[in-house]
Protein chains: 2
Amino acid sequence: MAALRTIRLGTRGKPEESRAAILKAAVGEFAREGVAGARTDAIARSARVNKALLYYYFKDKESLYDAVLDEVFSGVRAAVQNALAQPLPPCERLAVYISTHFDYIASNPSYHRIVNAEFLRAGRDPSRMRRVAQQYFLPIFSSVSALLKEGAESGDFRPVDPIHFVPSMISVIAFYFTTAPIMSVLTGFDPMSPERLADRRAAVIDFISAALFTRTKGERK
Amino acid sequence: MAALRTIRLGTRGKPEESRAAILKAAVGEFAREGVAGARTDAIARSARVNKALLYYYFKDKESLYDAVLDEVFSGVRAAVQNALAQPLPPCERLAVYISTHFDYIASNPSYHRIVNAEFLRAGRDPSRMRRVAQQYFLPIFSSVSALLKEGAESGDFRPVDPIHFVPSMISVIAFYFTTAPIMSVLTGFDPMSPERLADRRAAVIDFISAALFTRTKGERK
DNA sequence: TACATCTAACTAACCAGTTAGTTACATACT
DNA sequence: AGTATGTAACTAACTGGTTAGTTAGATGTA
């Protein structure tokens, strides 16, 4: 009987593992069901942990959700900042940024769902989104703006207003994943297959390049 | 006592008014709180009607939500189809379409929230989205595709693949409203003010034109 | 022993949906 | 004309199941 105990996650060694398991389970549950739809029981079950343990490590459901936001947003920020720091000329750096951002979303389905859900929440309660925006979006926005400025000065890019261009760009990168569920239904194909993703990645780079580069389009030999 | 009665909505006259009041209240509530977050009590209160009346007119919460989807989606479809039917050359017709779609979203905040929430739901339960897509999105997609083809044949547009270009275009049109809550917080301006909306509308048309038109950009005198 | 980690069992609040009617008015019968 | 009967429209009050969060205590470890 005491031997069976050792199977359980609880009580034994690494408490960090329990915390991490809860957080990971919470990311999945919040992404799948949204904040209002997420069930704390489901999170506990999926983390193989007693529900009360959620409240031992996190104040309440909302605080757990805050931790989830930090978890997922710190991921993109790191990936994107790394891409933008590459020592490359503007055109290539832009392409690397787009690819990186695109691939991050493609390989982290939870991330995209959580961002969208949070944008919806922001309408009613902007406080959380304000923090996230300051901490994670603003640095990305600044770096991309700097890249646009650099490209305009070197003559590679049209001069554009970042405040309009950056959101437009991001929308083209991200929207594919928003519409993937219906695309799947309408076309019968799987929009998340490697081939389709490669196709789309190319189309996104083409679309943004066409909108931004000074070089006349359709002229790459 | 009998005189007071005439104030109430119930029992007497126009039952259509009650149904419409419920539907309208439901649009607002579902848009504000999402499907999981929406409360039937709140809908009833906001419609000034007893909760049981929701179940008199609609089977259950889900059916009411179906009716809400039809209500909001039939609106865009009508507006957009009308714009696309204008007897104009491709470039102008595209601009009219973009403006119309943009303005519809701008003046129907509930619509945008419901679309986004529904896209999120579609990941888990595509059945509802399948119906909506067939009935409302497909016609729009077809009309815009036809316009793109026509423009390519007349030499006004680059030849593009609608399956990639149409979603990209719509993303640029719509994404502004998704990010409006944080923009408001980050910039301190109201993104929904008439001036900002006019700005953004112009930026959207510029972005899409740059990505699509064969005419070299930056050359409008 | 002292402390951190963890749990079974509980509770108070909430919420979708139901029930058992009431009200106002129309139509039919006398 | 007056009265019974039918019915669409509507409501107050309830129910059963769910859910976030708590409590009191058990378990392992140093």
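Lettering of chains follows the sequences in order, A, B, ..., and the numbering in each one begins at 1. Keep in mind the model is a prediction, meaning the values are calculated, not measured.
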So salt bridge (charged side-chain N to carboxylate O under 4.0 Å, His left out) across residues 173-199 of chain B, not counting sequence neighbours, yields none
Rounded to whole Å, the CZ-C1' distance (R48(A) to dC6(C)) equals 16 Å
* Using a cut-off of less than 4.0 Å, is there contact between a side-chain N or O of Y57(B) and OP1 or OP2 of dC10(D)? -> yes
To the nearest 10 degrees, the angle between the two end axes of the helix from dT1(C)-dA30(D) to dT30(C)-dA1(D) (five pairs per end) comes to 20°
Applied to residues 68-80 of chain B, the salt bridge (charged side-chain N to carboxylate O under 4.0 Å, His left out) test, sequence neighbours excluded, yields D70(B)-R131(B)
To the nearest angstrom, the CG-C1' distance between L53(B) and dT18(C) comes to 14 Å
Here the side-chain hydrogen bond (donor to acceptor under 3.5 Å, both in side chains) pairs for residues 174-187 of chain A, sequence neighbours left out, are H112(A)-T178(A)
Rounded to whole Å, OH of Y56(A) lies from P of dT27(D) at a distance of 17 Å
Across all chains, not counting sequence neighbours, the ring pair (Phe, Tyr, Trp, His ring centres under 6.0 Å) partners of F141(A) are none
note: I22(A), atom CD1; dC6(C), atom C1'; distance rounded to Å ~ 10 Å
Ring pair (Phe, Tyr, Trp, His ring centres under 6.0 Å) filter on F102(B), not counting sequence neighbours, yields F177(B)
From CD of E16(A) across to P of dT5(C) the rounded distance in Å is 9 Å
Whole-Å distance, Y65(B) OH to dA16(C) P, equals 15 Å
Those residues at least two apart in sequence (or on a different chain) that pass ring pair (Phe, Tyr, Trp, His ring centres under 6.0 Å) with Y55(B) are none
Item to complete: Consider only side-chain N and O atoms of R200(B) and S168(A), and report whether a donor and an acceptor are under 3.5 Å apart.
Response: yes
Per-nt protein contacts along nucleotides 15-22 of chain D (heavy atom under 4.0 Å; B base, S backbone sugar-phosphate only, - none) come out as ----SBBB
To the nearest angstrom, the CZ-P distance between R45(A) and dA8(C) comes to 14 Å
Quiz item: Does dC10(D) have OP1 or OP2 sitting under 4.0 Å from an N or O in the side chain of S18(B)?
Solution: yes
In short, salt bridge (charged side-chain N to carboxylate O under 4.0 Å, His left out) pairs touching residues 101-110 of chain A with sequence neighbours left out are D103(A)-R201(A)
Looking only at side-chain N and O atoms, does S63(A) offer a donor or acceptor that is under 3.5 Å from a partner on D66(A)? no
